[in-house]
Amino acid sequence: GDEFAILLDDLDRAEDALEVSFRILKELRAPFHLNGHELFATASIGIALSGTGYERAEEVLRDADTAMYRSKAHTEKRPVVFDPTMHATAMVVLRLETDLRRAVERHEFELFYQPIVALKSGALWGFEALVRWRHPERGLVYPTEFLPLAEETGLILHIGQWVLREACRQTRDWQDRFPRRRHLGVSVNVAGQQLAHGGFVDRVDEVLGDTGLAPGSLRLEITEGVIMETPEATTAVLERLRERDVRLHIDDFGTGYSSLSHLHRFPVDTLKIDRSFVAGLDARGDNGEIVRTIVALAHSLNMEVLAEGVETRQQLVALKNLNCQYGQGFFFARPLERSAAEEWVARPVHC
Ligand code: C2E
Ligand code: CA
Ligand code: CA
């Protein structure tokens, strides 16, 4: 949709291709005037040289494409000429993609559960469900390694749907087997594509219906960045979820440039303070300005605050002093396998 191919023939030297691409970049740097607006566009350029001995046009396009993605990855935009070592990297990605498709078919995913506690009482407030891939050869693979590719390939829709269903099923199972936990909550991460895909609300309805989990026990985590990409469209979906009493949490809050006017209109229950703001806290509450500001903001908007990445007792003390209600982090527990999480569920409610 947004890619163009340019064929240059009769070049004397490889450098000529680079020169042409610098010229293109320079042209594109000037603003475009559209309906009275001034717009800026950027471009990434990848170059494949025919001297490499191609037999098919597809191969040239493939290598130019690989080089173009390499160029995209650089912060300063400059054209990149394909070289065969890139092919090896591209093969690794391709392999990962094949594996990932197979993983979806063979259900190789697993959920880990990280406890979230109420800071005042220390009581378990719920879990965040975090996906892992149990790769047959590589063992446990973490989401940061496969989710970007899952998003690029659209596989995130399948994975996300499975995560939602499994997290709801498991939580309902715990609620049933441990009656003191009948209000146990579960936080599920939702990718932008899932939200953008029409029918997300229907899918949530279906999962809640099938698993019997009360909507009030489900907390959907949506990053601030995703919400701010399309605030109007997202708000419409969030409102429908809110009507059902599903809880909404803004993930990684503080990193996504929320506009305050939007924030005010989002039907959100909880702001999840990004762990980068928790990392610098000490017991006296020094470096707590941002946390303090977010807590004040949340409370004035009738939202609750959850701090992630709590790693030390000092941070815990500081967060309590700053009136932050909930916390999650290695200080309490790492993300746990189901059986270890169940030990938390089985503990006395207040401990
Ligand atoms: P996130 O939503 O911000 O999840 C929290 C991440 O921080 C988790 O990494 C967790 O293991 C880690 N963490 C928890 N406590 C601490 C702590 O005290 N210190 C530090 N340094 N880290 C802590 P994980 O499990 O590797 O997940 C990474 C990201 O992958 C998540 O970030 C989330 O954006 C995404 N993700 C995970 N599961 C899913 C899923 O099912 N669906 C979607 N769409 N995204 C997911
Ligand atoms: Ca999260
Ligand atoms: Ca987060």
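Quick caveat, the model's predicted, so the values are computed rather than measured. For ligands, and for the atoms within them, numbers begin at 1 and follow the listed sequence.
Both Leu25 and Val20 are assigned to one and the same hydrophobic cluster, defined by single-linkage of ILVMFWY side chains at heavy-atom distances under 4.5 Å. There is a path of hydrophobic side-chain contacts, each under 4.5 Å, that joins Val163 to Trp133.
Checked against a 3.5 angstrom limit, the closest N/O atoms of Gln194 and ligand 1 fall outside it. Considering backbone and side-chain atoms together, Tyr142 places no N or O closer than 3.5 Å to any N or O of ligand 1. Backbone and side-chain nitrogen or oxygen atoms of Arg132 are examined, and one is located within less than 3.5 angstrom of a nitrogen or oxygen of ligand 1.
Shown here, atom 32 (O) of ligand 1 is out of close reach of the protein: none of its heavy atoms lies under 4.0 Å off. Remark: atom 9 (O) of ligand 1 lies closer than 4.0 Å to no protein heavy atom. Atom 27 (O) of ligand 1 is flagged as protein-proximal [any protein heavy atom, distance under 4.0 Å].
Given atom 21 (N) of ligand 1, the protein heavy atom at minimum distance is Glu311 OE2, 3.1 Å. Among protein heavy atoms, atom 35 (C) of ligand 1 sits closest to Leu147 CD1, 3.6 Å. Taking atom 11 (O) of ligand 1 as the reference point, the nearest protein heavy-atom neighbour is Pro335 CG, 3.2 Å. Closest to atom 16 (C) of ligand 1, if we only count protein heavy atoms, is Phe330 CE2, 3.1 Å. Of all protein heavy atoms, the one closest to atom 43 (C) of ligand 1 is Asn189 CB, 3.5 Å.
Gln194 places no side-chain N or O within donor-acceptor distance of the main-chain N or O of Ile156, the cut-off being under 3.5 Å.
With a heavy-atom cut-off of 4.0 Å, Asp252 touches ligand 1 through its side chain alone. By the criterion of a heavy-atom distance under 4.0 Å, neither the backbone nor the side chain of Arg334 is placed next to ligand 1. At a 4.0 Å heavy-atom cut-off, ligand 1 touches Ala191 through backbone and side chain alike. With a 4.0 Å cut-off on non-hydrogen atoms, Asp251 touches ligand 1 through its side chain and not its backbone. Contacts with ligand 1 closer than 4.0 Å are made by heavy atoms of both the backbone and the side chain of Val131. Counting heavy atoms closer than 4.0 Å to ligand 1, residue Arg275 contributes side-chain atoms (C-beta onward) but none from N, CA, C or O.
For the side chain to side chain contact (heavy atoms under 4.5 Å, CB included) test, residues two or more places apart in sequence or in another chain that qualify with Arg180 are Val349. Every residue meeting the ring pair (Phe, Tyr, Trp, His ring centres under 6.0 Å) condition with Trp174, not counting sequence neighbours, appears here in chain and number order: Tyr113, Phe127. Every residue meeting the ring pair (Phe, Tyr, Trp, His ring centres under 6.0 Å) condition with Tyr326, not counting sequence neighbours, appears here in chain and number order: Trp125.
The pair Glu110-Arg132 does not count as a salt bridge, with every side-chain nitrogen at least 4.0 angstrom from each carboxylate oxygen. Ion pairing of Glu108 with Arg102 is present here, as a side-chain N (NZ or NE/NH1/NH2) and a carboxylate O approach within less than 4.0 Å. For the pair Lys272 and Glu308, the salt-bridge criterion is met [side-chain N within less than 4.0 Å of a carboxylate O].
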Exercise. Begin from the C-alpha positions of Asp210 and Arg165 and carry the test salt bridge (charged side-chain N to carboxylate O under 4.0 Å, His left out) through to its verdict.
Key: CA-CA 9 Å; Asp210 291 352; Arg165 182 170 288 272; 3.2 Å; yes
Practice problem: Check the pair Arg334, Glu311 against salt bridge (charged side-chain N to carboxylate O under 4.0 Å, His left out), reporting the backbone distance first and the verdict last. | Solution: CA-CA 10 Å; Arg334 293 193 170 247; Glu311 295 184 351; over 6 Å; no
Exercise. Run the numbers on Ser217 and Gln175 for side chain to side chain donor-acceptor pair (under 3.5 Å), then give the verdict.
Key: CA-CA 10 Å; Ser217 295; Gln175 290 176 343; 3.1 Å; yes
Practice problem: Walk me through it: do Leu140 and Phe112 pass the test side chain to side chain contact (heavy atoms under 4.5 Å, CB included)? | Solution: CA-CA 11 Å; Leu140 212 56; Phe112 275 50; 3.7 Å; yes
Practice problem: Decide side chain to side chain donor-acceptor pair (under 3.5 Å) for Asp99 and His135; before the verdict, give the C-alpha distance in whole Å, the side-chain angles of both, and the deciding distance to 0.1 Å. | Solution: CA-CA 8 Å; Asp99 281 8; His135 191 287; 2.8 Å; yes
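The Ca ion (ligand 3) has Asp251 OD1, Asp252 OD1, Glu308 OE1, Glu308 OE2 as protein N, O or S atoms under 3.0 Å away.
Ligand 1 is approached by Glu128 to a heavy-atom distance shorter than 4.0 Å. Ligand 1 has Gly309 within reach: a non-hydrogen atom of the residue lies less than 4.0 Å from it.
The contact set between ligand 1 and Gln114, taken as ligand atoms under 4.0 Å from a residue heavy atom, comprises 14 (C), 15 (N). Those atoms of ligand 1 that come under 4.0 Å of a heavy atom in Val163, given as number and element, are 41 (O). Taking a cut-off of under 4.0 Å to the non-hydrogen atoms of Glu308, the atoms of ligand 1 that pass are 3 (O). In summary, the atoms of ligand 1 found under 4.0 Å from a heavy atom of Pro143, numbered by their order in the structure, are 24 (P), 25 (O), 26 (O), 27 (O), 28 (C), 30 (O), 37 (C).
Side-chain contact of Gln328 with Glu128: a donor-acceptor pair under 3.5 Å is present, judged by distance alone.
Within a 6.0 Å radius of CZ in Arg13, other residues, nucleotides and ligands contribute more than 12 heavy atoms. Atom CZ of Arg177 has more than 12 heavy atoms from other residues, nucleotides or ligands within 6.0 Å.
Checked against the Ca ion (ligand 2), the N, O or S atom of Glu128 at the shortest distance is OE2.
Here the rule is side-chain hydrogen bond (donor to acceptor under 3.5 Å, both in side chains) with Gln325, and of Lys120, His299, Lys320 only His299 fits it.
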